[in-house]
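Worth knowing before you read on, the calculation uses all heavy atoms, side chains too, and leaves out hydrogens, waters and symmetry mates. All values derive from a computational prediction rather than experimental measurement.
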Amino acid sequence: MRDIPPVPDHDIELSGGALALDFANTVGGTHVQPTHDHLRGYEDIVDFAVLAGAFDAKAAKRLAQGARREPRRAEAVYELGLTLREAIWRVFSALASGEAPRDADLDLIGDAAAAGAARSRLVYDRDGIGWSLPADEDELERPLWDIARSAADVLTSNDRDRVKQCASQTCEWVFLDRSRNRSRRWCDMSDCGNRAKARRFQAKKRSAAA
C-alpha cells in the first residue's frame with residue numbers, strides 16, 4: 001500500500017478536456033512527488049466519475065453500497081485505479097513530449113477498455129447510436145472501464161495530436177489543446193498560467209533594479 005499524499009485544499013478541477021485526462025490530473029504537483037491526491041479511496045473514484053459525467057448519482061449510490069459489502073474488493077479496485085491513472089498519465093505525457101508510450105501502459109488501458117466494451121450495448125440517444133454500459137451495471141470496476149474507454153477514444157482519434165502537458169515546472173497535468181492556433185501552454189491560465197506571469201514580472205523587476 002502506497003503512502004497517500006496530503007488532503008487537497010480545493011475541489012477536483014476538470015480542465016483536461018477528456019474524462020481520462022481529468023482522471024490523470026487528480027494528483028497535484030508531480031507524479032513522483034505529489035503535493036496532494038484527490039483519490040484517497042474507492043468512493044473518491046466513484047465521486048470523480050460522477051463529477052466528470054461518466055454516470056449518474058444513482059449508479060454511484062449502488063457502487064458505494066457494493067463497496068461497503070465488499071471492502072476488500074473495493075480496495076483492490078482502488079489500487080488498480082491508481083495504477084491505471086499512472087499508466088494514462090505516462091502515455092499522454094509521452095505523447096505530449098513526442099515520445100512513444102510504453103506497451104505495458106497501453107496494454108493496461110486496453111484491457112480495462114475491453115472489459116467495459118464486453119459489457120456495453122448499442123444504444124440510441126439524441127447524439128445518435130453508440131456503445132454504452134447499461135445504466136444498472138454495478139461491477140465495482142465500472143468507473144475504470146469508462147475512464148479507460150475515454151483514454152482509448154482519445155488515443156485512436158485525431159485529438160491525439162492535441163495532447164499537451166502543462167508548461168509549469170511544478171505541474172504535470174495533461175490536457176487537450178483545443179485553441180484555434182494550438183497555443184495553449186498551461187493546464188489552467190488562472191492557476192499555473194498566472195503563477196508563471198507573476199514569476200516573469202518579478203524577474204523583470206529584479207533585472208531592472210540590477
Is there side-chain contact between [X] and [Y], with heavy atoms separated by less than 4.5 Å?
X	Y	answer
Asp22	Ile147	no
Ser132	Ser120	no
Asp188	Glu13	yes
Pro143	Phe55	yes
Leu14	Phe48	yes
Arg162	Phe175	no
Ile45	Val77	no
Val174	Leu95	no

To the closest 0.5 Å, what do you measure between [atom1] ([X]) and [atom2] ([Y])?
X	Y	atom1	atom2	result
Ser157	Leu176	OG	CG	8.0 Å
Leu144	Ile109	CG	CD1	12.0 Å
Leu84	Glu79	CG	CD	13.0 Å
Arg160	Phe92	CZ	CZ	10.0 Å
Trp173	Gln165	CH2	CD	12.5 Å
Cys166	Arg185	SG	CZ	9.0 Å

Let me check something: do [X] and [Y] share a hydrophobic cluster, defined by ILVMFWY side-chain heavy atoms less than 4.5 Å apart, either directly or through other members?
X	Y	answer
Val50	Leu21	yes
Leu122	Tyr124	yes
Leu51	Leu63	yes

Pairs where [range] contributes a residue and the test salt bridge (Lys or Arg N to Asp or Glu O under 4.0 Å) is met, not counting sequence neighbours:
range	answer
residues 55-66	Arg62-Asp138
residues 105-123	Arg90-Asp105, Arg102-Asp105
residues 169-179	Asp159-Arg178, Lys164-Asp177

Main-chain N/O of [Y] paired to [X] side chain as donor or acceptor, under 3.5 Å:
X	Y	answer
Tyr78	Leu39	yes
Ser183	Ser179	no
Ser168	Thr170	yes

Taking every non-hydrogen atom, the tightest pair across [X] and [Y]:
X	Y	result
Leu19	Ala52	CD1-CB, 3.4 Å
Ala113	Ala148	N-CB, 3.5 Å
Pro34	Val27	CB-CG2, 3.4 Å
Leu140	Tyr42	O-OH, 2.7 Å

Checklist entry - With under 30° as parallel and over 60° as perpendicular, where do the rings of His36 and His10 fit, or are they tilted in between? => result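 Rings of His36 and His10: perpendicular, as their planes differ by over 60°.
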Item to check | Over 12 foreign heavy atoms within 6.0 Å of CG, Asp125 | outcome: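 Enclosed.
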Item to check | Over 12 non-hydrogen atoms of neighbours within 6.0 angstrom of CG in Asp161 | outcome: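 Counting neighbours around CG of Asp161, more than 12 heavy atoms of other residues, nucleotides or ligands fall under 6.0 Å, so yes.
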Item to check | Worked verdict on Glu137 versus Glu139 for side-chain contact (heavy atoms from CB on, under 4.5 Å) | outcome: CA-CA 6 Å; Glu137 174 58 70; Glu139 290 288 339; 2.9 Å; yes
Checklist entry - Stepwise, does the salt bridge (Lys or Arg N to Asp or Glu O under 4.0 Å) test hold for Asp37 with Arg85? => result CA-CA 12 Å; Asp37 194 336; Arg85 179 176 67 180; 2.8 Å; yes
